[in-house]
Every structure is written in structure tokens, then in C-alpha cells.
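Since this is a predicted model, take the numbers as computed values, not measurements. Counting starts at 1 for both ligands and their atoms, following the listed order.
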Amino acid sequence: MVHGSTPAHEIVGAHRALGAAGQADMVWGHAAVRDPDGRGLWTKAAGWGMEEITPARVVLLSDDGEILVGDGPRHIEFHIHAALLRARPDVGATVHTHGEAAAAFAALDVPLRPLSHDAVPFLAPDVVRFTATSDLVATRSLGDALADSLGGANGCLIPGHGMVTVGPDIATAVMHAALLERACRIQLMASVNGGPAVWSSEADVAAKQRGLWSATQLSAGYDYLLRKADAQFGELDRADAGS
Ligand SMILES: [Zn+2]
């Protein structure tokens, strides 16, 4: 497993976990973690698939996108992560993916319902949607607008594009992406023939929001995704993985 304590190892593990969770879109989509020394954000270099990320394919970017460590190139949409980390001191990690179920569900333009445990972290009472553009979040101002839309939420849909999720740490941010994608997929399944007809009560959702997705549960789910990535993509060579 790539369970490193350094930001670069966290970035490697996060992308492999997202790949194992089915969120890869060829070479698009990315996760980031806040630099503990305040220099900016760690993320993957552009041009590589999630399962292809090694420590050599990780970059440290300043808040305005200057490559401080690593070879790049940087992703055009690094502004998503920079803006979310500027806006949310409580957030340590961010994820942007082009999840297929998220895109398909967002196109229905109906409320996200608590059909399973997966939707619970995102309902207040509906999932947030960023609708200023479905184009690339390629500027600082669009990143800031996305952060405004997200507010204090755990994640939001971007209709016509994908999703973003956040967390205090990389395990939570990645698990939020996995949960939001699954929640969207389950509602798509239930939408056949005009459904869904029933979903969890407001009282059940409130109770679940208080304790269901604890840090322990999220960490256990993330560890599973890391093991699944090893089984699916092979473990990194020691030389690649570093110490
Ligand atoms: Zn995108």
C-alpha cells in the first residue's frame, strides 16, 4: 500500500484509490493536499492516469500555479484545489473527478435522495451544485466561484462536468468522492420507471449525519481502496515508492 506520511505519498495513494473506486477518466481528474509548510498544494502532474501516479509524477504548486517541486506539467484546473484550500481552513485535501454517475445524475436535475448511506454526507437537504459554468475551471475567479457555491459542504456536483469533494484529510476527501459517485449511481438505478418512491426519513438522515461516517469508518474504507488498488494495479516498486 502507498500509505505515506509525506504529501507526495498521500497524492500517490489518493489517485490509486480513486482509480480503484472507478473514478478515473483517462488522464483527467485529480486530488490535492495542502502543503504542511504553507507553500501551496501537492497534486498529480498532468498527462498521467490515476493508477499511473508515482512519487515522480507528483508536483507541489504555489497558490497561483507555479511549480515549486516536481516536473509538471500542471493540470489546467488546479484552480479548483487552490480556491477550495483558500476558502476552507478546515479542509486539508480536495478531489475533482469526472465521475460518470455524477455527470449522468446531475443531468437529471432532480434532488439527490438518501437511498443508501452514501448520500448522507452531502444532503443539506440536497447536494450542492455549481452551475456558473460546465466548462473547465481554468481561472482563479471560477475557482473562487466554485468555492462560494460549495460553502461549508463536503462536496458538490458540477452539472455537465463532474464533481468536487473535500475533507480534513486525504482519506476523507477521497471517500467523499467515492460516496458521492455511488449515491448518484444508486439513484440512477432507482430512477428506472419513474422512481425512486421511498427514501430515508429526515430523522434517519439527521441521525446518520451525526455518526454514520465517522473518521474511523472513512479511514477503513480508504484503506480498503488502497488495498484494492494494489490488487488491481500492482504494488509500486520499492524504488518508485521511496522509503
Ligand atoms: Zn474537470
Side-chain angles (χ1 to χ4, degrees), residues 11-12 14-34 40-53 57-61 63-65 67 70 72-88 91 93-109 112 122 127-151 153-167 170 172-185 188:
I11 288 301
V12 173
H15 287 90
R16 288 167 59 88
L18 285 166
Q23 300 244 358
D25 173 18
M26 290 176 269
V27 297
W28 298 286
H30 23 83
V33 296
R34 189 188 298 277
L41 61 98
W42 295 83
T43 186
K44 75 186 262 305
W48 302 103
M50 288 179 170
E51 73 281 5
E52 296 179 306
I53 300 306
R57 294 167 181 168
V58 173
V59 292
L60 170 64
L61 303 180
D63 177 65
D64 59 2
I67 298 174
R74 73 181 188 206
H75 276 281
I76 295 167
E77 293 192 297
F78 81 90
H79 291 286
I80 291 173
H81 309 290
L84 295 175
L85 292 169
R86 277 196 303 275
R88 292 277 297 271
V91 163
T94 52
V95 171
H96 166 56
T97 75
H98 299 165
E100 293 173 6
F105 172 75
L108 297 181
D109 199 24
L112 182 66
F122 311 101
V127 66
V128 173
R129 291 152 213 255
F130 174 63
T131 57
T133 183
S134 65
D135 200 354
L136 295 176
V137 181
T139 65
R140 183 181 177 103
S141 61
L142 276 175
D144 288 340
L146 173 56
D148 280 349
S149 293
L150 182 71
N154 289 319
C156 78
L157 299 176
I158 310 175
H161 185 166
M163 68 157 91
V164 301
T165 59
V166 301
I170 194 65
T172 305
V174 169
M175 280 297 292
H176 281 162
L179 294 174
L180 184 52
E181 173 77 357
R182 207 175 113 88
C184 290
R185 178 172 291 111
L188 287 169

Using side-chain contact (heavy atoms from CB on, under 4.5 Å), reason through V27 and W48 one step at a time and then give a plain yes or no.
CA-CA 5 Å; V27 297; W48 302 103; 5.6 Å; no
Passes side-chain contact (heavy atoms from CB on, under 4.5 Å), L142 versus H79? Steps please.
CA-CA 8 Å; L142 276 175; H79 291 286; over 6 Å; no
Can you list the residues that meet the ring-ring contact (aromatic ring centres under 6.0 Å, His included) rule with H96, with sequence neighbours excluded?
H30, H98, H161
Taking 2.8 Å as the distance threshold, tell me the number of protein N/O/S atoms next to the Zn ion (ligand 1).
4
Test log, rule side-chain contact (heavy atoms from CB on, under 4.5 Å), inputs F78 and T43:
CA-CA 8 Å; F78 81 90; T43 186; 5.6 Å; no
A quick test of your reading: do over 12 heavy atoms of other residues, nucleotides or ligands sit less than 6.0 Å from CD of E52?
yes
Can you confirm whether R182 is buried at CZ, in the sense that more than 12 heavy atoms of other residues, nucleotides or ligands lie under 6.0 Å from that atom?
no
